[in-house]
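Note that this is a predicted model, so its numbers are computed, not measured. All chains are named by letter (A, B, ...) in the order of the sequence lines, taking the proteins before the strands, and each is independently numbered beginning at 1.
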4 protein chains.
Amino acid sequence: MKPLTPSAANICAVAVEHFADHGYDASSLNEIAVMAGMRKASLYAHFSSKDALFERVFKIALGHEQQYVAACFEEEGGRAGVPGQLHVECLIGRYEASAHLRFLLRTAYFPPADIRAVITLGFEAYLAQIRQYFQRATRDRYTWPAAHPEQLEVFCDAYLGIVDSLHVELIYAAPQTYVKRLAALLRVFSDSLSMLEGASRD
Amino acid sequence: MKPLTPSAANICAVAVEHFADHGYDASSLNEIAVMAGMRKASLYAHFSSKDALFERVFKIALGHEQQYVAACFEEEGGRAGVPGQLHVECLIGRYEASAHLRFLLRTAYFPPADIRAVITLGFEAYLAQIRQYFQRATRDRYTWPAAHPEQLEVFCDAYLGIVDSLHVELIYAAPQTYVKRLAALLRVFSDSLSMLEGASRD
Amino acid sequence: MKPLTPSAANICAVAVEHFADHGYDASSLNEIAVMAGMRKASLYAHFSSKDALFERVFKIALGHEQQYVAACFEEEGGRAGVPGQLHVECLIGRYEASAHLRFLLRTAYFPPADIRAVITLGFEAYLAQIRQYFQRATRDRYTWPAAHPEQLEVFCDAYLGIVDSLHVELIYAAPQTYVKRLAALLRVFSDSLSMLEGASRD
Amino acid sequence: MKPLTPSAANICAVAVEHFADHGYDASSLNEIAVMAGMRKASLYAHFSSKDALFERVFKIALGHEQQYVAACFEEEGGRAGVPGQLHVECLIGRYEASAHLRFLLRTAYFPPADIRAVITLGFEAYLAQIRQYFQRATRDRYTWPAAHPEQLEVFCDAYLGIVDSLHVELIYAAPQTYVKRLAALLRVFSDSLSMLEGASRD
DNA sequence: TATGAATGAGTTTTCATTCAT
DNA sequence: TATGAATGAAAACTCATTCAT
């Protein structure tokens, strides 16, 4: 994938906001072009079609958010709380700050039919990455995963489930609802984790 | 709200599929009309605009799914498992069978800007209803909610979180992923519930 | 021309207002029907087409206004002022009160292409009638017309010109503008008449 | 107001004819486009909407006719006849030659509801200009206006009334009717003027 | 690289009219 | 006499895309 020229990068920056707000179908290249300081026809000097622009934006958004998730888990290190807690706690701030994340979620859930395959692959990679980070963190924190890899699997799934739940909460709920939801899910999650740990210590 | 004539009902039946598959923006009244066996101009004898049709379909879908959820919780009665378990276990089958549910979720997450308010209110009612059913079932099953209403709140939130998580899973994941996710979430959820029950029995 | 049933008369009463306000092209049979307390399709039980309704309304309006003009000149009798003065003084009140007059003028000036001929004939009859009333009143009032029929012609033309001027003033000007215009035109008209009378008395 | 590109000017030239002949409502952008040698979608590269095109055409027409009126009065200079006589004598030729004038009158009398304000303002300016030219010419020709400004007012009003009368005559009458009307109105007008002049000379 | 102009295909919507009931 | 339903035609307008410059 060729690197973007400054102009093309600017277009992408505008487009990600537009796509995040309106979705693929309700976004108009004309509006994106004007917001990027040029005319519709000029977009075609940078991207060969609406689909191509969208796909490119998707890849950029994906890259951004993957980096962000990586940073989150790295920063977490040995902090208190359950593994992956920092990540889910940061999600709401990230969602508000990052059009990339807003775009990513909207697109992942309802991708334009023509490029569904690319989108799905990309988003699965994103989730797989989160899963892996969580897995690693859990292995680092507890002793039982070595003996009970099938339990680790379960908690990975549950963690991803919680992440999904929070994602969708971000999309349609008010922030205070999000906070309650996060607390409740973390509570049951950590309860369950602590049961396992308690059992394995005996 | 006036009852639908057979023709109008047929249009709605076609439209709910179309909207569920393509979303508001990518749906064309022309296609809906043809699939309903008429020309697009004839739609306007039944609905005054695309928005009006969409809103009507939304209300129908909402009604259907509220009835379905009610039936789920009623049927559950004193069965084994955590409260609300039947509902979440049925979700995947329901999603595949019911265009209304597919439509409802898609619309709730990314409503057309012009009728966002109606959609949001409707979907919140849907979730509130689920919450209430869960609450009642939990009160019936356990003794602690009377003494610890704040704990009940937490579990209500967690349950809704799980429901949301499964909703989004339905939207973009493969069925086997859904099954794993459901199992994992139910596991942590029932773990946490059982801790609370255990504590309150002592 | 068959007499109208009560329903048909009601439709015409509604239609004349609508046509007067919006013109032929911007008037919709649907709106007219609803305002007449029925559905669009029912109109066709009374009139065979939009054109037919329009034409019928035109004839009614024409009849009304011809009667009104007749009454005006009759009432004038031997009053002070120039011949036809009562008529032009009443015009503004009539315009405000009578949708038929508003309709008549709008239609006469810009008739729908398909029925231009009928409209033109009708309106010319209306003006010819006014001319005749003025002619008769002038002959009754003064002695010179007998000796100078060609002068009578000129004043007939001038009177009709004034009437046209006031018509158009009604259409687009404010009432106070109308009043000034009327006064000014009557002034030059009566000046000219009085010159002629003075000369013929010598 | 940005100057028109050649293409846009061509569209306006076509549109003014079309609007003059059919009025706003009965004019179709499709027809205008085809007559301008393009497809209707291409119109939107030049004008943002039917209203915008119409308004632009109106401003052009207004400008043209204002220039024409100015030229008429200028050319008149010290010619024989009453002030403003050249203008009213030229009206019929102008009407036949200039789609702009035909458009202007039609639009002024029955403006499309959405842009009534703009139209009204513009046409009032047009009439005010005529009035002013007449006023100046009258002041230049006669001595009495200085002493009797209120009389000047009256004759301005009467002159505008005659202009209006002739306008409407152009719209719906045959040329020979116009000629008779013009002669008659000029006759009473100049009679009245001469009375005043005679009186002021004594 | 940028753009003005053009366009085919498509959108939602309105309209007058028809017809079986 | 009235109407619900249907429809072909047309309206204004939008869109992604192309192309010569």
Side-chain angles (χ1 to χ4, degrees), chain A residues 5-8 11 24-34 36-54, chain B residues 5-8 10-11 24-33 36-54, chain C residues 5-8 11 24-34 36-54, chain D residues 5-8 10-11 24-33 36-54:
Chain A
T5 64
S7 271
I11 293 169
Y24 178 86
D25 293 303
S27 292
S28 117
L29 288 189
N30 191 36
E31 282 186 49
I32 290 172
V34 169
M38 56 178 60
R39 303 303 142 82
K40 197 175 20 167
S42 314
L43 288 184
Y44 289 82
H46 301 280
F47 301 95
S48 62
S49 71
K50 191 184 186 184
D51 276 18
L53 170 60
F54 191 86
Chain B
T5 63
S7 272
N10 178 42
I11 292 169
Y24 179 86
D25 292 303
S27 292
S28 127
L29 289 188
N30 193 33
E31 283 186 48
I32 290 172
M38 55 179 63
R39 304 305 147 84
K40 83 190 131 158
S42 313
L43 284 185
Y44 288 83
H46 302 281
F47 301 95
S48 63
S49 69
K50 190 184 186 184
D51 274 21
L53 170 60
F54 191 86
Chain C
T5 64
S7 271
I11 292 168
Y24 178 86
D25 293 303
S27 292
S28 117
L29 289 189
N30 191 37
E31 282 186 49
I32 290 172
V34 168
M38 55 177 61
R39 304 303 144 79
K40 197 175 18 167
S42 315
L43 289 184
Y44 288 83
H46 301 279
F47 302 95
S48 64
S49 71
K50 189 184 187 184
D51 276 18
L53 169 60
F54 192 86
Chain D
T5 63
S7 271
N10 178 42
I11 292 168
Y24 178 87
D25 291 304
S27 292
S28 125
L29 289 189
N30 192 34
E31 282 186 49
I32 291 173
M38 56 179 60
R39 304 306 148 86
K40 85 188 132 163
S42 312
L43 284 186
Y44 289 85
H46 303 281
F47 301 95
S48 63
S49 69
K50 190 184 187 184
D51 274 20
L53 170 60
F54 192 86

Would you mind reading off the distance between [X] atom [atom1] and [N] atom [atom2], rounded to a whole angstrom?
{"X": "B:Asn30", "N": "F:dT7", "atom1": "CG", "atom2": "P", "value": "12 Å"}
{"X": "B:Arg39", "N": "E:dT14", "atom1": "CZ", "atom2": "C1'", "value": "18 Å"}
{"X": "B:Asn10", "N": "F:dA6", "atom1": "CG", "atom2": "C1'", "value": "14 Å"}
{"X": "D:Leu53", "N": "F:dA11", "atom1": "CG", "atom2": "P", "value": "15 Å"}
{"X": "B:Asp51", "N": "E:dT13", "atom1": "CG", "atom2": "C1'", "value": "12 Å"}
{"X": "A:Tyr24", "N": "F:dT14", "atom1": "OH", "atom2": "P", "value": "19 Å"}

Study note, to complete from the structure: Result for 5'-nearest mapping on DNA chain F, choosing between A:Lys50 and B:Gly37, is B:Gly37

Point to revise | Of residues 40-49 of chain C, the positions that come close to DNA chain E - non-hydrogen atoms, cut-off under 4.0 Å | key: C:Lys40, C:Ala41, C:Tyr44, C:Ser49

**Study point:** D:Ala26 versus C:Asp25, closest heavy-atom pair with distance
**Key:** CB-OD2, 3.3 Å

N/O (side chain, [X]) to phosphate O (OP1/OP2, [N]) under 4.0 Å:
{"X": "B:Ser27", "N": "E:dT11", "result": "no"}
{"X": "B:Ser7", "N": "F:dA5", "result": "no"}
{"X": "B:Thr5", "N": "F:dA5", "result": "yes"}

Listing, residues 40-52 of chain B side-chain donor-acceptor contacts under 3.5 Å, not counting sequence neighbours, or none:
residue: B:Ser42; atom: OG; partner: B:Arg39; partner atom: O; Å: 3.3
residue: B:Ser49; atom: OG; partner: B:Asp51; partner atom: N; Å: 3.4
residue: B:Ser49; atom: OG; partner: B:Ala52; partner atom: N; Å: 3.0
residue: B:Lys50; atom: NZ; partner: B:Tyr24; partner atom: O; Å: 2.9
residue: B:Lys50; atom: NZ; partner: B:Ser27; partner atom: O; Å: 3.0
residue: B:Asp51; atom: OD1; partner: B:Tyr24; partner atom: OH; Å: 2.2

Review point. Under a cut-off of 3.5 Å for both distances of each Watson-Crick or G-U pair, what dot-bracket string does DNA chain E give, using [ ] for crossing pairs and | for inter-strand pairs?
Key: .||||||||||||||||||||

Exercise for review: Counting heavy atoms from C-beta on, name the nucleotide in F:dC15, F:dA12, E:dT17 closest to the side chain of D:Leu29.
Suggested key: F:dA12

Practice item. Could you please name the option among F:dA12, F:dA6, E:dA16 that lies closest to any side-chain atom of B:Met38? Key: F:dA6

Check your understanding: If you round to the nearest 0.5 Å, how far is CG of D:Leu29 from CD1 of D:Ile11?
Key -> 10.0 Å

